[in-house]
Amino acid sequence: MESKVESLWEEVRELTLGATVDRLQSPPTPLQFLRDFVSQNKPCIISNAISHWPALSLWPTPSYLSTSLSSSLVSLHLTPDGQADALVPHPARSSLCFVSAHVQPTLFPQALDIIRRPPNHLVAYLQQQNDCFRTEYSELESDCDAHIPWASEALGCLPEAVNLWIGNHLSQTSFHKDHYENLYAVVSGEKHFLLLPPTDVHRMYLKEYPAARYSYSQENGEFRLEVEEPERYVPWSSVDPCPARGSLKQESLKFPLYFNGPKPFEVTVKAGEVLYLPSMWFHHVRQSPGDGGCTIAVNYFSFAGYDMQFDIKYAYFNFLQSLPCRSIDDQTIPEGECEDDSGSHAPSNHLNSRFSGDESATNNLEIHKDRDNV
């Protein structure tokens, strides 16, 4: 069975995806977008789709943002190392847990200053993914489009969530996927994506991990890792595609399907460009700041029309994920990484899903709390 699944990885690339992500120099028509990308579940990067946005010239200037949002209270996500919605050592066991950031209501000018001039002990990121652009940042709505017309027409719906991201080079997003169609528009700086199609699900080594959260004390400037009670498990990818220097060989032995399989698609989305990220694609994200010291992006999630709860692609994905693939649970993976604390293997049919995109299982949109890992 493993050889057949591995053949699928190659055939999908040869027959549908090609070797690189397509770049369009101008926005497609709705029909072109639906026919060539949405229906094929195929990503692309579109230039000159948001060149008319005032945001492109206004937002890279920190003073403009601070003045526009001078009295806005926003949700600032804090971690000690920029790794939120990621796997870290469990505080009481010799295993891993899934950790979310400490979320602290903060006046926007103060939040922006922390992002642009990070202190040594923490990394800040504005990434509250619950339609935050239209709630916490509504003063900026006139600076960009409420939706992307050609995409909305192709998908048959308006976006149900529009989110704003403001961070620095220290934050990155671990491998995850979303159930929804995602249009990701970069306004300042660059976003660096590693992409894998849904057919590569076995290479992600999905496993359920205990949920935890950082708690940050402003008084002493220290983080504490708190495991959720009652215990809750989150399905997440075990793979770190960018292991620390000197540990690549060890990681390759633990996760051979990822490191020895086809390389992920690598794309950089620059300011003024839009990435179409289809539903169910796994993605890992890093970022580089622009002139104002931040990376800024807006993303549009579309649920209706191509909601994966009802789409036939969801059935295909679940079927593929249910197929046994012996090398996922073979002896190349240390016992502690393969088994939960009861000694049994984590179920193979759980989905690793995150609704905050770059970039969260724990920040999922409130209207979809019944989904897989909420």
Side-chain angles (χ1 to χ4, degrees), residues 21 24 26-30 32-34 36-39 41-56 59 126-167 173 176-191 193 195 267 269-281 283 285 287 295-309 311 353-360 363-368 371:
V21 171
L24 309 182
S26 60
T29 65
Q32 289 171 329
F33 183 56
L34 179 61
D36 298 339
F37 299 101
V38 177
S39 65
N41 200 235
K42 181 178 178 180
C44 63
I45 296 174
I46 306 102
S47 299
N48 301 307
I50 60 170
S51 54
H52 59 285
W53 284 12
L56 286 176
W59 291 5
L126 290 169
Q127 60 150 10
Q128 186 73 10
Q129 299 309 298
N130 57 354
D131 199 28
C132 67
F133 185 64
R134 296 188 288 201
T135 54
E136 296 185 359
Y137 305 95
S138 58
E139 291 86 351
L140 300 177
E141 283 190 272
S142 62
D143 292 342
C144 59
D145 291 338
H147 68 107
I148 297 180
W150 45 268
S152 297
E153 184 174 344
L155 295 169
C157 63
L158 293 173
E160 195 157 345
V162 184
N163 302 304
L164 181 68
W165 311 78
I166 304 179
T173 305
H176 67 283
K177 62 172 174 51
D178 303 306
H179 286 240
Y180 311 116
E181 305 299 307
N182 188 358
L183 275 297
Y184 202 95
V186 176
V187 175
S188 181
E190 297 178 346
K191 292 277 186 174
F193 287 81
L195 305 176
V267 298
V269 187
K270 300 181 179 181
E273 296 180 333
V274 175
L275 169 67
Y276 165 57
L277 184 58
S279 54
M280 311 299 278
W281 272 68
H283 48 291
V285 193
Q287 54 194 10
T295 309
I296 307 175
V298 176
N299 90 292
Y300 302 82
F301 275 133
S302 293
F303 302 140
Y306 276 83
D307 189 328
M308 290 302 298
Q309 184 177 13
D311 197 294
S353 177
R354 171 179 165 153
F355 298 80
S356 65
D358 51 12
E359 298 104 61
S360 120
N363 286 330
N364 287 345
L365 299 165
E366 294 297 318
I367 56 176
H368 288 276
R371 294 306 177 94

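Everything quoted here is computed from the prediction, not taken from an experiment.
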**Asked** CD/Gln127 to OG1/Thr173 distance, rounded to the nearest 0.5 angstrom?
**Response** 6.5 Å

**Prompt:** If you round to the nearest 0.5 Å, how far is CZ of Phe301 from CG of Asn182?
**Reply:** 4.5 Å

**Counterpart residues, side-chain hydrogen bond (donor to acceptor under 3.5 Å, both in side chains), relative to Glu136 (two or more places apart)** = Ser75

**Prompt:** Quick one: OG on Ser152 to CD on Glu181, what's the gap to the nearest 0.5 Å?
**Reply:** 12.0 Å

**Request:** For side-chain contact (heavy atoms from CB on, under 4.5 Å), just list the numbers for Asn163 and Phe133, CA-CA rounded to whole Å, side-chain angles, deciding distance to a tenth of an Å, and then say yes or no.
**Result:** CA-CA 5 Å; Asn163 302 304; Phe133 185 64; 5.6 Å; no

**Message:** Tell me which one of Ile148, Leu34, Val38 satisfies side-chain contact (heavy atoms from CB on, under 4.5 Å) with Leu155.
**Reply:** Val38

**Message:** So which atom in Trp165 and which in Lys191 form the shortest heavy-atom distance, rounded to 0.1 Å?
**Reply:** CB-NZ, 4.5 Å

**Prompt:** So Phe37 and Leu24, side-chain contact (heavy atoms from CB on, under 4.5 Å) or not? Walk me through it.
**Reply:** CA-CA 11 Å; Phe37 299 101; Leu24 309 182; 3.9 Å; yes

**Message:** Does the plane of the ring in Tyr184 sit parallel, tilted or perpendicular to the ring in Phe193? Use 30° and 60° as the thresholds.
**Reply:** perpendicular

**For Glu273, salt bridge (Lys or Arg N to Asp or Glu O under 4.0 Å) partners two or more places apart** = Arg23

**Complete:** Shortest non-hydrogen pair, Thr295 vs Glu190, comes out as CG2-O, 3.6 Å

**Message:** Give me the atom names and distance for the closest heavy-atom approach of Pro28 to Ile46.
**Reply:** CD-CG2, 4.2 Å

**Fill in**
Closest non-hydrogen atoms of Asp131 and Val162, given as atom of the first, atom of the second and distance, are OD1-N, 2.7 Å

Throw together a table of side-chain donor-acceptor distances under 3.5 angstrom for residues 47-56, partners on residues two or more places apart or in other chains.
unit_1 : atom_1 : unit_2 : atom_2 : d
Asn48  : ND2    : Gln25  : O      : 2.7
His52  : NE2    : Asp145 : OD2    : 2.7
Trp53  : NE1    : Asp145 : OD2    : 3.1

**Asked** Who pairs with Pro30 by side chain to side chain contact (heavy atoms under 4.5 Å, CB included), at least two apart in sequence or on another chain?
**Response** Trp150, Glu153, Ala154

**Prompt:** Which residues satisfy the side-chain hydrogen bond (donor to acceptor under 3.5 Å, both in side chains) test with Ser142, sequence neighbours excluded?
**Reply:** none

**Prompt:** Out of curiosity, Ile45 CD1 to Lys270 NZ, how far, rounded to the nearest 0.5 Å?
**Reply:** 10.0 Å

**Fill in**
Sorted by chain and number, sequence neighbours left out, side chain to side chain contact (heavy atoms under 4.5 Å, CB included) with Ser138 holds for Glu141

**Fill in**
Looking only at heavy atoms, the pair that brings Ala146 and Tyr300 closest together is O-CE2, 3.4 Å

**Prompt:** Which heavy atom in Leu164 sits nearest to a heavy atom in Cys132, and how many Å separate them?
**Reply:** N-SG, 3.4 Å

**Prompt:** So how far is it from Leu195 CG to Lys177 NZ, rounded to the nearest 0.5 Å?
**Reply:** 15.0 Å

**Message:** For a side-chain contact (heavy atoms from CB on, under 4.5 Å) check, start with the C-alpha distance between His179 and Ser279, then their side-chain angles and the critical distance, and finish with the verdict.
**Reply:** CA-CA 5 Å; His179 286 240; Ser279 54; 5.7 Å; no

**Euclidean distance, His283 NE2 relative to Leu277 CG, rounded to 0.5 Å** = 5.0 Å

**Item:** Asn299 side chain reached by Gln129 side chain, heavy atoms, under 4.5 Å
**Value:** yes

